[in-house]
2 protein chains.
Amino acid sequence: MVQKSKRPPVTKIDAPVPPKRRGRPRAYQPDVALGKALDLFRKDGFAATSLDDLAAATGMNRPSLYGAFGDKRELFIKSYRRYREDARVAMGDIFRDELPIRRRLERIYAVALDIYLSGESGPRGCFTVMTAASEAVHDPDIRAMVLEGFTELDKAFAACFRQAKEKGELSESADPVVLAQLASATIHTIAIRARARMPRKELEAIANGALDVMLGAAK
Amino acid sequence: MVQKSKRPPVTKIDAPVPPKRRGRPRAYQPDVALGKALDLFRKDGFAATSLDDLAAATGMNRPSLYGAFGDKRELFIKSYRRYREDARVAMGDIFRDELPIRRRLERIYAVALDIYLSGESGPRGCFTVMTAASEAVHDPDIRAMVLEGFTELDKAFAACFRQAKEKGELSESADPVVLAQLASATIHTIAIRARARMPRKELEAIANGALDVMLGAAK
DNA sequence: GGAATTTTTTGCGAAATGGTACAAAAAAGT
DNA sequence: ACTTTTTTGTACCATTTCGCAAAAAATTCC
């Protein structure tokens, strides 16, 4: 036939243009496959998720899985990394926006609840919390990621409170770091309880009560 | 027919008197065996703990394990029940004692930290939190126990705050239920972070900061 | 068209896992 | 001593699990 395959024109700068790989094309999209793997790990945890489950969920077979992401542990770590990126994106705007502190925190907890309660076969909870509970003790690399996750959240909250304090929304005596730890604690308790299928209403009530104390006590 | 026909209503009263059982005597003490099983489950979680591991740890062989405690899930549930009993005992006095609220809470957090940080091969964390993260979503019976654990803790804390309020240790506007949820949240965040090997000092600082805010002692 | 390259597919295999069958062992009752 | 009762110890089974090797397929490069 005519040679001249559909050569991608040089149109866009950073378009996801296929870079003309050399061999047999992949039958999967790494991104979506990783997403499916993440879903599974969130549902069942590391140990209870088998490579066969993962292969079935991603539509890949095990050798392909292996070739693409490494062994089970590596896949888990990559899934966790992906989860964190997703969470950062979901939270990013809110942490950036300069809203009144109360509104801001309300929105953060709302997004968190969306993340924790989603899932077809039950609330998926928070990967960081789940991973901390099980894998972080024994695996130094995973532990480092989990700890980083904690401090990242603490710092984001602390920045919020610090800003609010500068704007006069909090009393002079309020300690942003301490309040941030309480805000994180509230995130954690909500994540855990969500996983035990506590209804959203009750979780929202917990968040609101916590807000009352955190924002009111410093009045 | 798997049911055990034994159990004349004694055996639990503190009578170290061997009741002259009929067949071959047990080579293990059910209590200590269950304790070993609990240790293992706390260390690795449900899925990652094999029956072989449990048999090795208890010194029993698998058929004996099975005969004594049922299958893996039953053993897990019994271990969890045992954990809760132990925790209740450890906390009981403190929740009962009529100390100044701050002292009381300090002691509670100290005991909690002892429980969460103990363990030869790493901090064992809180069984309720770990179980919530993994098993509670899929298993209704376990979920019920976990939820009960949460409300039990919430209620105990609420009672503390209510009492403190009556004694005038808290402002009239303080809401014992909300404060209790914050106190629980602090327990949870500590349990999770402990599991990620956060040092005791930092965990204590988190507890103390939370106390400052909850008791309005932030100055 | 043929070589080179990359991925998929099939299937193997060794180990581990949860669970059970069954005989031997150890005690009490008679 | 013999029976009964209960537990132990060995062995086994069916399945799952993780990982890999080797062949087949699909694509680009020459």
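Residue numbers start from 1 in every chain, and the chains themselves are labelled A, B, ... in the order their sequence lines are given, proteins ahead of strands. These numbers come from a predicted model, not from an experiment.
- When the salt bridge (Lys or Arg N to Asp or Glu O under 4.0 Å) test is applied to B:Asp44, no partner is found at least two apart in sequence or on another chain.
- Phosphate proximity of D:dT16 to A:Ser50: absent, as no side-chain N or O sits under 4.0 Å from OP1 or OP2.
- Residues satisfying the ring-ring contact (aromatic ring centres under 6.0 Å, His included) criterion with A:Phe76, sequence neighbours excluded, are A:Phe41, A:Phe46, A:Phe127.
- Side-chain atoms of A:Arg82 come within 3.5 Å of backbone atoms of A:Asp31 as a donor-acceptor pair (strictly under, hydrogens ignored).
- Atom CZ of B:Arg73 is separated from atom P of C:dG19 by 11 Å (rounded to the nearest Å).
- With sequence neighbours left out, the ring-ring contact (aromatic ring centres under 6.0 Å, His included) criterion links A:Phe95 to A:Phe157.
- For the pair B:Phe69 CZ and D:dT7 P, the computed distance is 12 Å after rounding to whole Å.
- By the salt bridge (Lys or Arg N to Asp or Glu O under 4.0 Å) test, B:Arg62 pairs with B:Asp52, sequence neighbours left out.
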Quiz item: In B/S/- notation, 5' to 3', how is nucleotides 4-10 of chain C contacted by protein heavy atoms closer than 4.0 Å?
Solution: BBBBSBB

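- Applying the ring-ring contact (aromatic ring centres under 6.0 Å, His included) test to pairs two or more places apart or on separate chains, those with a residue in residues 177-213 of chain A are A:Phe150-A:His188.
- Counting to the nearest Å, the P atom of D:dT16 and the CG atom of B:Asp52 are 18 Å from each other.
- Here B:Tyr66 reaches the OP1 or OP2 of C:dT20: one of its side-chain N or O atoms lies under 4.0 Å away.
- For A:Leu51 and D:dT15, the CG to C1' distance is 16 Å, given to the nearest whole Å.
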